[in-house]
> 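Below is one structure. I have some questions about it.
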Amino acid sequence: AASALKARIHVRARVLRDGNVIEIPLNEIVPGDVLILSAGSLVPADALLIEGSDCYVNEATLTGESFPVEKRPGLVLAATRLAERTNCVFAGSNVRSGTARCIVVKTGPATHFGSIAHRLSLRPPETEFDRGIRRFGYLLTIAMLIITLVVFAVHVLRGRPAIDTLLFAIALAVGLSPELLPAILNVSLARGAQAMARRGVLVRRLNAIENLGSMDILCTDKTGTLTEGVVRLEGAYGPDGAYSTRVLELAAINAATETGLENPLDDAILQACRPNLEAVEKLAEIPFDFMRKRVSVVVKTNTGAKLITKGAFDHVMEICTIDPETRSGLDQRYQSWSNLGIRVVAIAWRDIEVRSAYSREDEMGLVFCGFLTFLDRPKEGAADALADLARLGVSVKVITGDNRFVAGHVAQLVGMRSSRMLTGADLDNLHDEALWHAAEQTDLFVEVDPNQKERIILSLRKMGHVVGFLGDGVNDAPAMHSADTSLSVEQAVDVARQAADFVLLERRLDVVRY
C-alpha cells in the first residue's frame with residue numbers, strides 16, 4: 001500500500017515524444033528526450049537548450065550563486081565554467097521564470113549532480129590522523145619484532161633451551177601489544193567531543209578531532225563566513241555621487257508597492273527605509289521582466305502622480321533623457337562600483353497624468369534620479385578571527401564561485417591579500433603538478449566550479465598540508481569529502497551536514513579558532 005501511494009506522488013516532467021507533450025516520472029527520462037520547462041519546473045537532467053523565452057534558472061544548488069541565471073540557445077566554449085554555460089540546464093536546478101525547450105544529454109549518475117553523489121560514495125582519502133595511527137602501528141610492530149629477536153638471540157647464546165626461549169619471546173611480544181589502544185583513543189576523543197560541544201561544535205566523527213588540531217590550512221567559501229551572507233543596502237547616491245535621501249525614498253516606494261517576485265534587493269531597501277504608504281496611492285504597476293530588467297510603479301502622492309522605475313543600470317539609462325557627457329560620467333561611476341564587487345541598481349522617475357491604464361510605452365523620457373548600491377558586508381570579527389588563526393599557524397584560503405572583483409574586494413576588507421588569486425579558467429590551464437605548487441601560494445580561488453574545489457583540496461594535501469574545508473551547499477560536498485577535516489553549519493543543506501566531520505552551531509570563524 002505504501003509503495004502504491006509513493007508511486008502516485010512521483011515527481012513528473014513534461015516531455016515531447018512522438019509529437020505530443022506528455023508527463024512522465026523523472027526516472028523514465030532518457031537522453032534524446034525533449035524537455036518542456038516553465039516557471040517552477042525542476043530540471044530533471046542535464047540538457048541543451050533548443051528554444052528559450054525569458055528563461056531564468058536558479059542554479060544555487062550547483063554553483064552557490066543565489067541570483068537566477070539567464071538561459072538561451074547558442075554555443076559556448078567547451079572550457080566555459082559551469083556558472084557561465086548559458087545554453088545548458090542542469091539536474092538539481094529549477095526554473096524561476098520563462099519557458100524553454102531543451103534536449104536531454106545526460107541523466108542520473110552521468111549528470112553533474114549525479115557525479116557529486118558518486119564521489120561521495122567513494123571511500124574518503126586517508127586523513128592525517130589515519131596516517132599517524134598507521135605509522136604508530138608500524139613503529140610498534142618493528143619494535144616488537146626487534147625486541148623479540150634480540151631476546152631470543154641473547155637467551156639462545158647463553159645456552160637456554162630454544163623452545164622455552166621462543167615461547168618466552170612470543171609472550172613478551174604479546175605483552176608489548178597495546179590491546180587497549182583503541183579504547184584509550186576513543187575515551188580521549190570522546191572527552192574532546194564533549195568539550196567542543198560546550199563551545200558550539202558538534203562532532204560527528206571522533207577521529208576528525210585530531211585532524212582539526214593538526215590543521216594548517218582552512219579553506220572556506222566567502223558568503224556567510226567572511227561576509228554576513230545577506231545583501232544589505234550600502235548607500236543611496238544622486239547623479240553627482242553624493243548621498244541622497246530622495247533616491248532612497250523613491251526606491252522604497254517602488255519596493256513596497258511592486259508585487260512581482262520577491263528578491264533580496266527589495267528586502268534590503270525596505271530594511272533601510274520604510275515609506276509612509278498612507279500618503280501614497282498606487283495606481284498601476286508595469287511588472288518586472290527579464291528582458292527590460294526593470295520594474296515601474298505609478299503612484300499618486302500629494303504632489304501629483306509619478307512613475308517610479310527601478311532596475312539594472314543600463315536598462316534604466318536607456319529610457320532616461322540625458323546628455324552624452326553626463327551619461328559618460330554616470331557610466332564611469334557605475335563601472336568603478338562594479339569593479340569593487342558592489343551591485344548597483346538605478347532609480348528614475350517622471351511626472352505622469354492620471355488615467356485608467358499604463359503600459360511599457362510610458363517608460364520613456366524619465367529623469368535619472370540616482371544609484372542604490374548593495375553589498376554583502378564583511379562579518380563583524382572576521383578580520384580578527386583570520387589574524388588569530390594565522391597566529392595559531394592556520395592560513396585561510398577562500399574558494400568561491402563569485403567573480404574576482406567581488407571576492408577581491410571582500411578579501412581586502414578582512415585583511416587578506418587579494419593579489420594572490422587564481423580563477424577557475426587558470427585552474428583548467430594548470431597541470432596537477434603545477435597546481436600543487438600554485439595552490440600553496442594562492443589565497444583566493446575565484447569563479448570555480450564544484451569539481452575544481454575538490455581538485456584544490458587534493459593539491460594542498462599533496463604538498464603535505466593538513467587541510468580543513470568549511471562548506472554548506474551541495475556543491476561543497478565533494479571538497480568536504482576529500483579534506484582531512486570538514487566543517488559545516490547547522491543551517492547547511494542535509495548533504496553538506498552529512499558529509500561534514502563537525503557541525504558549527506554558529507557560522508563564525510571564531511568557533512573554529514576556539
Side-chain angles (χ1 to χ4, degrees), residues 5-76 80-118 258-266 287-293 295 312 401 449-450 473-475 477 493-496:
L5 288 172
K6 188 176 179 180
R8 294 185 62 180
I9 59 171
H10 274 167
V11 178
R12 296 175 175 269
R14 298 170 65 215
V15 299
L16 182 65
R17 287 186 178 178
D18 299 324
N20 299 315
V21 177
I22 60 174
E23 288 191 355
I24 61 173
L26 299 189
N27 59 2
E28 294 183 12
I29 293 173
V30 296
D33 272 334
V34 175
L35 289 174
I36 311 297
L37 301 176
S38 58
S41 298
L42 295 174
V43 179
D46 291 358
L48 186 70
L49 258 71
I50 304 172
E51 301 173 5
S53 175
D54 295 339
C55 182
Y56 278 71
V57 176
N58 183 356
E59 295 180 338
T61 302
L62 293 171
T63 65
E65 296 289 344
S66 56
F67 287 93
V69 180
E70 184 180 8
K71 299 294 183 178
R72 53 187 179 274
L75 297 176
V76 298
T80 303
R81 68 190 186 100
L82 186 69
E84 296 175 350
R85 296 179 192 176
T86 55
N87 63 339
C88 301
V89 292
F90 301 97
S93 59
N94 59 85
V95 181
R96 288 292 301 273
S97 66
T99 59
R101 288 192 178 196
C102 44
I103 186 166
V104 174
V105 178
K106 295 178 180 178
T107 60
T111 64
H112 282 279
F113 197 85
S115 68
I116 293 176
H118 173 68
E258 65 117 336
T259 58
L261 289 172
E262 292 186 6
N263 66 81
L265 300 184
D266 282 345
F288 179 89
D289 65 60
F290 289 105
M291 294 296 290
R292 292 162 44 250
K293 293 187 178 179
V295 57
D449 289 341
V474 173
N475 57 322
V493 299
D494 292 341
V495 174

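Everything numeric in this text was worked out from a predicted model, so none of it was measured.
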> Looking only at atom types and distance, does a side-chain atom of K71 sit under 3.5 Å from a main-chain N or O of R85, one as donor and one as acceptor?
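Such a contact is found between K71 side chain and R85 backbone.
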
> How many angstroms lie between CZ in F288 and CG in D266, if you round to the nearest 0.5 Å?
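It is 10.0 Å, given to the nearest 0.5 Å.
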
> Whether the side chain of N58 engages the backbone of N94 through a donor-acceptor N/O pair (distance < 3.5 Å, no angle test) should be reported.
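No.
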
> Side chains of I22 and V15, heavy atoms from C-beta outward: is any pair under 4.5 Å?
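Side-chain contact under 4.5 Å: yes.
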
> At their closest point, which heavy atom of R17 faces which heavy atom of V30, and how far apart are they?
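Minimum heavy-atom separation between R17 and V30: NH2-CG2, 4.1 Å.
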
> Got a second to check how far R101's CZ is from L48's CG, nearest 0.5 Å?
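The CG atom of L48 is 15.0 Å from CZ of R101, to the nearest 0.5 Å.
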
> Looking only at non-hydrogen atoms, find the nearest pair between L75 and N87 and report the distance.
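Where L75 meets N87 most closely, the heavy atoms are CA-ND2, 4.0 Å.
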
> Any idea which heavy atoms bring A91 and D46 closest together, and the distance?
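The answer is N-OD1, 3.0 Å.
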
> Minimum heavy-atom separation for T111 to K106, with atom names?
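That closest heavy-atom pairing would be CG2-O, 3.3 Å.
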
> What I want to find out is whether E28 reaches R12 closely enough, with some N-O distance under 4.0 Å, to be called a salt bridge.
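Looking at R12 together with E28, the answer is no, because their closest N to O distance does not fall below 4.0 Å.
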
> Dump the intermediate steps for side chain to side chain contact (heavy atoms under 4.5 Å, CB included) on V76 and E84, then the final yes or no.
CA-CA 9 Å; V76 298; E84 296 175 350; over 6 Å; no

> Under 4.5 Å between any side-chain heavy atoms of T107 and I29, yes or no?
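Contact flag for T107/I29 side chains = yes.
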
> Locate the shortest heavy-atom distance separating C102 from L37; write the atom from each residue and the value.
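Here C102 and L37 meet closest at SG-CD1, 3.7 Å.
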
> Using 0.5 Å steps for rounding, measure from the CZ atom of F90 to the CD atom of E59.
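So the CZ of F90 and the CD of E59 are separated by 6.0 Å.
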
> Could you tell me which non-hydrogen atom of P73 sits nearest to which non-hydrogen atom of I50, and how far apart they are?
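P73 and I50 have their closest heavy atoms at CG-O, 3.4 Å.
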
> Given the rule in the side chain to side chain contact (heavy atoms under 4.5 Å, CB included) test, do V89 and L49 qualify, once you have shown the distances and angles that lead to the verdict?
CA-CA 7 Å; V89 292; L49 258 71; 3.7 Å; yes

> Run the numbers on R14 and L35 for side chain to side chain contact (heavy atoms under 4.5 Å, CB included), then give the verdict.
CA-CA 6 Å; R14 298 170 65 215; L35 289 174; over 6 Å; no

> Just to verify, what does R72 make a salt bridge (charged side-chain N to carboxylate O under 4.0 Å, His left out) with, not counting sequence neighbours?
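By the salt bridge (charged side-chain N to carboxylate O under 4.0 Å, His left out) rule, R72 matches E70.
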
